[in-house]
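Taking it in order: structure first as structure tokens, then the write-up.
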Amino acid sequence: MKLNPANLNKRDLYKFFVTAIIPRPIAFVSTISENGVFNLAPFSFFAPLCSKPAIVGLGIGRKKDGQKKDTLRNIEFSKDFVINVVTETLAEAMNQASVEYPSDVDEFKEVGLKPVKADLVKAPMVAESPINMECKLVQILEFGESHTGGHVVMGEVVLIHVKDELWAGSHIDISDLKAIGRLGEDLYCRTTDTFEMKRVYR
Ligand SMILES: Cc1cc2nc3c(=O)[nH]c(=O)nc-3n(C[C@H](O)[C@H](O)[C@H](O)COP(=O)(O)O)c2cc1C
């Protein structure tokens, strides 16, 4: 079986990506609009891209009508955003925040999460998330035609907040973090079923 992306429509290519590239971490992205409204949305087209400088990337698709999503508009305005790590206890609220609310709706209030002021960026942080990364916009790339295309947003992490009990000296205690990942469309995974394999060096 060979699939030529040129012959697949947007929906089928999306379905291929979300079932072939798994598990995906979920960036729960908080932003602030031009009018001061707080916004929250999950993005699993998300990856760390470079360690130092600490660069992360988000893939933000367009709405069905071709318009930009609020998260992208807000980042274009404030030039910053916060990535909040999604844990098992935050799963329901994260899912609720993926609903397309109108731009003037405060999604923190809507999903029952508490905003906290960040130190270096205008975007708020999610109090209930044990890890928050304050990010400043570095670059936005636009791909494709308006209704099928999307944007890749790259940001530099300028400040990291970690709950003390999760910090194991030089890294996060992943067994206590209980982060979740995204598989296919409605499937998620836990990060508690792990195995160890020592890295081999020559
Ligand atoms: C787990 C999960 C992951 C998602 N990942 C993405 C993504 O990577 N890119 C994207 O454009 N939309 C993604 N979505 C959909 C957005 O969260 C959704 O379009 C949201 O309404 C955007 O909100 P906004 O308009 O406030 O920015 C995802 C939804 C869920 C539930």
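Numbers for residues simply follow the sequence, beginning at 1. Computation of the quantities below employed the complete heavy-atom set of this structure, encompassing side-chain atoms and omitting hydrogens, waters and symmetry-equivalent molecules. First listed ligand is number 1; within each ligand, the first listed atom is number 1. What you are looking at is a predicted structure, and each value in this text was computed from that prediction instead of being measured.
Of all the atoms in ligand 1, the ones that sit under 4.0 Å from a non-hydrogen atom of Ile60 are 11 (O). Every atom of ligand 1 with a heavy atom of Gly59 under 4.0 Å away is listed here by number and element: 7 (C), 8 (O), 9 (N), 10 (C), 11 (O). Heavy-atom proximity to Glu107, at under 4.0 Å, picks out these atoms of ligand 1: 26 (O).
When only non-hydrogen protein atoms are considered, atom 19 (O) of ligand 1 lies nearest to Lys69 NZ, 2.8 Å. Atom 26 (O) of ligand 1 has its closest protein heavy atom at Asn39 ND2, 2.9 Å. Atom 8 (O) of ligand 1 has its closest protein heavy atom at Phe45 N, 2.8 Å. Among protein heavy atoms, the minimum distance from atom 23 (O) of ligand 1 is reached at Ala41 CB, 3.3 Å. The closest protein non-hydrogen atom to atom 7 (C) of ligand 1 is Phe43 CD2, 3.5 Å. Closest to atom 3 (C) of ligand 1 among all protein heavy atoms lies Arg182 NH1, 3.3 Å. Here the protein heavy atom with the shortest distance to atom 18 (C) of ligand 1 is Ser98 O, 3.4 Å. Among all non-hydrogen protein atoms, the one lying nearest atom 25 (O) of ligand 1 is Asp70 N, 3.0 Å.
Both the backbone and the side chain of Thr71 come within contact range of ligand 1, each with a heavy atom under 4.0 Å. The part of Val99 lying near ligand 1 is the backbone, judged by heavy-atom distances below 4.0 Å. Contacts with ligand 1 closer than 4.0 Å are made by side-chain heavy atoms of Tyr188 only, the backbone lying farther away.
By heavy-atom distance, the residue among Pro102, Pro42, Ala97 lying nearest atom 17 (O) of ligand 1 is Pro42.
Between Thr71 and Asn39 the shortest side-chain heavy-atom distance falls below 4.5 Å. Residues Phe28 and Ile83 are not in side-chain contact: their nearest non-hydrogen atoms beyond the backbone lie 4.5 Å or more apart. Here the side chains of Lys15 and Lys10 are not in contact, with every heavy-atom distance at 4.5 Å or above.
No more than 12 heavy atoms of other residues, nucleotides or ligands sit less than 6.0 Å from atom NZ of Lys109. Within 6.0 Å of CG on Asn4 lie more than 12 heavy atoms contributed by other residues, nucleotides or ligands. Within 6.0 Å of the CD atom in Glu88, the count of heavy atoms belonging to other residues, nucleotides or ligands exceeds 12. Summarising the local packing, CG of Asn9 is surrounded by more than 12 heavy atoms from other residues, nucleotides or ligands at distances under 6.0 Å. Heavy-atom neighbours of Ile174 CD1 from other residues, nucleotides or ligands within 6.0 Å: at or below the threshold of 12.
In terms of hydrophobic clustering, with Ile, Leu, Val, Met, Phe, Trp and Tyr side chains grouped at heavy-atom distances under 4.5 Å, Met94 and Leu183 are assigned to different clusters. One hydrophobic cluster, built from ILVMFWY side chains closer than 4.5 Å, cannot hold both Met133 and Val158; they sit in different ones.
Between Gly61 and ligand 1, a contact under 3.5 Å exists for at least one N or O pair. Here's the thing with Lys63: none of its N/O atoms is less than 3.5 angstrom from an N/O atom of ligand 1. For a threshold of 3.5 Å applied to N or O pairs, the pair formed by Leu72 and ligand 1 contains no separation below that value.
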Take Asp70 and Ser103, measure what side-chain hydrogen bond (donor to acceptor under 3.5 Å, both in side chains) needs, and give me the verdict at the end.
-> CA-CA 6 Å; Asp70 292 338; Ser103 314; 3.0 Å; yes
